Amino acid sequence: MSTTADKKVFIKTYGCQMNVYDSERMNDVLVPLGYGETEHPEDADLIILNTCHIREKAAEKVYSDIGRLKKLKDARHSTGQDSLIAVAGCVAQAEGQEIIRRAPTVDMVFGPQTYHRLPNMLEKIKAGGKSIVETEFPAEDKFDGLTSTSGHKRLSHGVAAFVTVQEGCDKFCAFCVVPFTRGAEFSRPVSQIEEEVHQLVEAGVREFTLLGQNVNAYHGTDSDGTLLSLGALLDRLSRIDGVDRLRFTTSHPRDMNDELIDTMAHNDVVMPYLHLPVQAGSDSVLKAMNRQHTAQEYIDLIAKIRKAIPHLALSGDFIVGFPGETEQDFEDTMTLVREVTYAQAYSFKYSVRPGTKAGDLENQVPEEIKSVRLTKLQELLMEQQLAFNEQSLEQEFNLLLERQGRHEGQLIGRSPYLQAVHIEAKGHKIGDIVRVHVDKVGPRSLSAHIIEDTAQLN
Ligand code: 5AD
Ligand code: SF4
């Protein structure tokens, strides 16, 4: 087994944070095979597009990227160098063989549940030269193939890292492809997650974001056979030395149990930030979306959570123009947003996803109407984001310094509420946690100055 990087891999990640995690794990799997990461596809022996299928545009983009990469591949081939193109992720899962049919230059197609087999796939390609499609949901668990017992280690990726703890979804919202691309809901065992967190602590990570499509439905098995909820898992991980901050995303209102609310309220390591999508504010749309809750139930839930965690930063997802959405339905969404108030949110125009229940609905909303509604909603959400940030003015909090700013000496960190905060470093470095005073706020970021040298803070 080679350990020096004699080959190069270029990985492009589309879409969600779980894809970011998956790309990092693919990289981890490739390091022992002698691959080092490059940011230049023209230098790469292996190019992986880790794709997203959640909305229409994301999938289209993959095909145009493949077109561009084909030119690079042909150019390399003419100078005697070969490169392989792999399409991974959710478009791969959804389209499978169709990708090779449309783009024969692609050598490998593999879904989110099979990338632990990458070494084996590369072997096969070398031996046979034919393209490979692996998009089944294998009986063996991908995560079992990614632990230290199978020779894999989580490598360092900065001071804040993602850890997938739950994957897949059984909710079947009518608009969503996730239950088809990521499969049934699955929780990783507790000991596996602990092992990964320990490895990341060793690699210098201080903040961990636990990922899952339905992360608060987590119910992983502990070593004594009992099941741990997400609240209990967060409590457990917070006791690991070196784990300074914990976050989790994405949660579903139906799975927001009291244990999790209690952990968020009482465990200082768990940050006061909650991403809890509602998607729409009209009961008839929520019903058509199969969200399994009403607008009022969501509003009541948020009131209960805020009672326990008054300084909570709430985030959400919204879809406008779901089939059949009337002007009144849309106004109901605006009313809900005004009542709930968000610190930050993501909003999208509905896009048809083949294979989903809503994909076949006839009463589609015209694009122009979707655009008008999205603009209105985003204006309101942006106003609320600015109002939330304004509350931080003259406040003090702890900041984890995560990355370099635009100019010399400037560092950017995240507040407990996930706001991006700019500071002048004065000898501090990425990975330090510092106490700051906020001097200036804008809609997308804050500026602050350090008031204490507090590398040990959390
Ligand atoms: N159209 C538009 N937005 C969608 N989302 C999921 N599926 C669709 C779709 N078909 C949004 C939802 C989800 C987020 C990840 O993407 O808001 O919460
Ligand atoms: Fe998709 Fe709904 Fe599952 Fe979220 S809860 S992943 S939106 S089906």
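Since the model is a prediction, treat every value here as computed from it, not as a measurement. We count ligands from 1, going down the list as the structure has it; atoms in each ligand are counted the same way. FYI, side chains are in, hydrogens and waters are out, and symmetry mates aren't considered; it's all heavy atoms of this structure.
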Taken in chain and number order and not counting sequence neighbours, the residues that satisfy side-chain contact (heavy atoms from CB on, under 4.5 Å) with Ala387 are none

With side-chain hydrogen bond (donor to acceptor under 3.5 Å, both in side chains) as the test, pick out the partner of Gln113 among Glu134, Glu167, Arg182. Glu167

Could you list the atoms of ligand 1 found under 4.0 angstrom from a heavy atom of Arg353? 10 (N)

May I ask whether Lys349 places a heavy atom under 4.0 Å from ligand 1? yes

For Glu297, give me all partners under side-chain contact (heavy atoms from CB on, under 4.5 Å), at least two apart in sequence or on another chain. His293, Thr294

Does Gln385 use its side chain to pair, donor to acceptor, with the backbone of Gln344 at less than 3.5 Å? no

Parallel, tilted or perpendicular for Tyr342 and Tyr298, by the 30°/60° rule? parallel

To atom 3 (N) of ligand 1, the nearest of Thr250, Ile319, Val177 on a heavy-atom basis is Ile319

Is there a polar contact, in the sense of an N or O pair closer than 3.5 Å, between Tyr350 and ligand 1? no

Show me the donor-acceptor pairs within less than 3.5 Å that the side chains of residues 353-363 make with the rest of the protein, sequence neighbours left out.
{"residue": "Arg353", "atom": "NH1", "partner": "His53", "partner atom": "O", "Å": "2.8"}
{"residue": "Thr356", "atom": "OG1", "partner": "Arg353", "partner atom": "O", "Å": "2.6"}
{"residue": "Thr356", "atom": "OG1", "partner": "Gly359", "partner atom": "N", "Å": "3.3"}

So which heavy atom in the protein is nearest atom 11 (C) of ligand 1, and how far is it from that ligand atom? Arg55 NH1, 3.4 Å

Would you give the length of the straight line joining atom CG of Asp65 to atom CG of Leu49, rounded to the nearest 0.5 angstrom? 6.0 Å

Heavy-atom contacts under 4.0 Å between Gln279 and ligand 1: side chain, backbone, both, or neither? side chain

Run the ring-centre check on His275 versus Phe248 and record whether the distance is less than 6.0 Å. no

Heavy-atom contacts under 4.0 Å between Phe175 and ligand 1: side chain, backbone, both, or neither? both

Geometric N/O contact Asp317 with ligand 1, under 3.5 angstrom: yes

So which protein N/O/S atoms does atom 2 (Fe) of ligand 2 have within less than 2.8 Å? Cys173 SG

Non-hydrogen side-chain atoms of Cys90 and Pro112 separated by less than 4.5 Å: yes

For atom 10 (N) of ligand 1, the option (of Pro277, Ser351, Ala358) bearing the nearest heavy atom: Ser351

Quick one: does any side-chain atom of Tyr417 pair with a main-chain N or O of Asn389 as donor and acceptor, under 3.5 Å? no

